[in-house]
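Note that the structure is a prediction, hence the values are computed from the model and not measured.
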Amino acid sequence: MRTGNEPLTARSSLRMRWWLSIWGLIWTAFGTIAFAFAGRPGWAIACGVLLLIVATDFVLVVRHMRQGSRFQPGRDVPPYEDHGHRHGGAEDERRGSDDRVSRRSRERSRSGPP
C-alpha cells in the first residue's frame with residue numbers, strides 16, 4: 001500500500017549506474033586495447049562491443065541525470081487508496097452474490113407467485 005512518503009524516501013539508482021558505467025568504460029577500454037596488442041582480435045572485438053554497450057548506458061544515465069527529478073506529489077496529496085482490498089476482493093464477490101440473490105428475490109416478490 002502506498003503510504004504517501006515515497007517521494008521523500010525514494011532513492012535513484014542513477015548515481016550508482018553512473019559509477020558502474022565509468023568502471024565498465026575503464027575496464028572494457030583496457031580490455032580492448034590489451035587484447036588488440038596481445039594479438040587476440042576476437043577478444044578485442046568482444047571487449048569493443050561491450051565498450052559500446054557500456055558507453056550507450058553511460059550516455060543514457062547522464063541524459064536522465066540532466067533531466068532532473070520528475071513531478072512528485074507534495075505533502076498535501078493524500079496517499080492512494082488500496083484498491084485491491086476494496087474492489088474485486090473476496091468480500092466484494094460475496095457481497096455481489098448476496099446482491100444478486102436479493103435482487104432476484106425482489107423481482108420474484110414483485111411479479112407474484114409462479
Side-chain angles (χ1 to χ4, degrees):
M1 183 174 142
R2 186 175 188 282
T3 60
N5 67 348
E6 285 83 3
L8 299 176
T9 60
R11 308 259 327 198
S12 174
S13 63
L14 288 177
R15 186 171 292 139
M16 181 183 66
R17 280 181 59 194
W18 185 78
W19 282 109
L20 289 173
S21 294
I22 289 176
W23 182 254
L25 285 171
I26 292 168
W27 278 104
T28 53
F30 173 75
T32 303
I33 293 168
F35 284 124
F37 281 128
R40 302 278 193 164
W43 285 103
I45 291 172
C47 284
V49 169
L50 192 56
L51 177 66
L52 291 175
I53 292 170
V54 172
T56 303
D57 185 51
F58 179 76
V59 168
L60 291 175
V61 168
V62 169
R63 179 176 167 249
H64 287 167
M65 289 174 82
R66 287 189 178 178
Q67 285 178 347
S69 60
R70 305 273 192 256
F71 168 76
Q72 296 289 327
R75 291 183 182 265
D76 57 336
V77 177
Y80 298 128
E81 294 180 18
D82 188 8
H83 293 290
H85 295 292
R86 292 190 56 208
H87 303 288
E91 184 178 315
D92 284 345
E93 290 177 13
R94 286 192 301 270
R95 188 178 316 126
S97 64
D98 291 343
D99 288 344
R100 285 190 294 265
V101 170
S102 62
R103 191 177 310 132
R104 282 189 214 137
S105 62
R106 282 192 303 256
E107 289 172 0
R108 286 183 188 153
S109 65
R110 288 183 192 154
S111 63

Interatomic spacing from [atom1] in [X] to [atom2] in [Y] - rounded to 0.5 Å:
{"X": "L51", "Y": "T56", "atom1": "CG", "atom2": "OG1", "value": "9.0 Å"}
{"X": "W18", "Y": "R15", "atom1": "CH2", "atom2": "CZ", "value": "9.0 Å"}
{"X": "L52", "Y": "L25", "atom1": "CG", "atom2": "CG", "value": "10.0 Å"}

Ignoring hydrogens, what is the shortest heavy-atom contact between V61 and L14? Give both atom names and the distance.
CG1-O, 3.5 Å

What heavy-atom pair brings A36 and A44 nearest, and what distance separates the two atoms?
N-CB, 3.8 Å

Answer yes if [X] and [Y] sit in the same cluster of Ile, Leu, Val, Met, Phe, Trp and Tyr residues linked by side chain heavy atoms under 4.5 Å apart, and no otherwise.
{"X": "I26", "Y": "F58", "answer": "yes"}
{"X": "W43", "Y": "W27", "answer": "no"}
{"X": "V54", "Y": "M65", "answer": "yes"}
{"X": "V62", "Y": "I22", "answer": "yes"}

Is the closest side-chain heavy-atom distance between I33 and F37 below 4.5 Å?
yes

